[in-house]
Amino acid sequence: MQGIVFDIKRFAIHDGPGTRTTIFLKGCPLSCWWCHNPESISPEIEAFVSEEKVGAEVFCNTKNVGTLMTVYEVMEQIKKEQIFMNESGGGLTLSGGEPLLQFEFALELLKQCKELDIHTTLDTSGFTSQHKLKEMAPFVDLFLYDVKLFDSNIHKEYCGVANEIIKSNLEFLIESNHRVIVRIPIIPTINFENEEELNILKYLSSIRKYNFKEVHLLPYHNIGKSKYARFQKEDRLKELPELTKTELKSLAEKYKEAGFKVIVH
Ligand code: SF4
């Protein structure tokens, strides 16, 4: 079985507990304005031209985003790091794009990791059928689940899809006792210091349970900006300033008051 992988990050420390190998699968059904991996959205392998300056000369190279890999090849990469994973309580994280878009491939990777007793984390937008999520959930130890906006129309405007499925899948996971950490990208003017900020907090507080009591706040940053030009994608938040950790202090307090453990990345 083959899938399209667009990156492999080793020794990752922000994608779940311990030291992890994060496999980024290509393709995402969303198109968030603030996406810092715009090259991950298309499900196809894409070619792009990179320019390299050496002195006064500019050299152009054509490179691919995305590599076709078999489950066996990916597992070989994961197994290389298994000793560090075991020592640190880490494991595999599947990310993207949206890993559920390559459902069969992702499921097989998760199953093989569980056979080897490797901890598994799924970093997901939650935009998938509940049927697929149900099939995959027994092989996932931890869900890193994105909640971007509360209002479905606003979600559609900024992420390209409505969010009813995302909310009902989140509620399903929590109700069926799976371990969930919600990650919220905090974007000035879109879901920060406005009604959306309040509505997200209210919503998450209403579904908090023993297996969902941690949220991660991800302040908007410009790290992916140069990629928009490099991959010839439209950057719709060009003028938006970055947020700092300090600016999220009062929001983090509100989540703490609501009973959550909060991490600001
Ligand atoms: S869900 Fe994630 S990968 Fe997909 S477009 Fe949004 S930010 Fe990018």
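Each ligand, and each atom within it, is numbered from 1 in the order the structure gives.
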>> Could you measure the distance from the CD atom of E157 to the CG atom of L149? Nearest 0.5 Å is fine.
In response: 9.5 Å
> Around atom NZ of K233, are there more than 12 heavy atoms of other residues, nucleotides or ligands at under 6.0 Å?
Replying inline: yes
>> To the closest 0.5 Å, what do you measure between NZ (K132) and CD (E104)?
In response: 8.0 Å
> Is the CZ atom of R179 crowded by more than 12 outside heavy atoms at less than 6.0 Å?
Replying inline: no
> Which residue from P185, S125, G27, C32 reaches closest to atom 6 (Fe) of ligand 1 through any of its heavy atoms?
Replying inline: C32
> Taking the six-membered ring of F260, is NZ or CZ of R208 closer than 6.0 Å to its centre and within 45° of its axis?
Replying inline: yes
> In terms of residue, atom name and distance, what is the protein heavy atom nearest to atom 8 (Fe) of ligand 1?
Replying inline: C35 SG, 2.4 Å
> If you measure from each heavy atom of H36 to ligand 1, is any distance below 4.0 Å?
Replying inline: no
> From atom 6 (Fe) of ligand 1 out to just under 2.8 Å, does an N/O/S atom of C159 turn up?
Replying inline: no
> Once you round to the nearest 0.5 Å, how far does CD of Q102 lie from CD of E98?
Replying inline: 10.5 Å
>> Out of K148, E39, R183, who is nearest to atom 2 (Fe) of ligand 1 when you count heavy atoms only?
In response: K148
>> For atom 4 (Fe) of ligand 1, what is the closest protein heavy atom, and at what distance to 0.1 Å?
In response: C28 SG, 2.3 Å
> Which ligand 1 atoms, with their elements, are less than 4.0 angstrom from a heavy-atom of G97?
Replying inline: 3 (S)
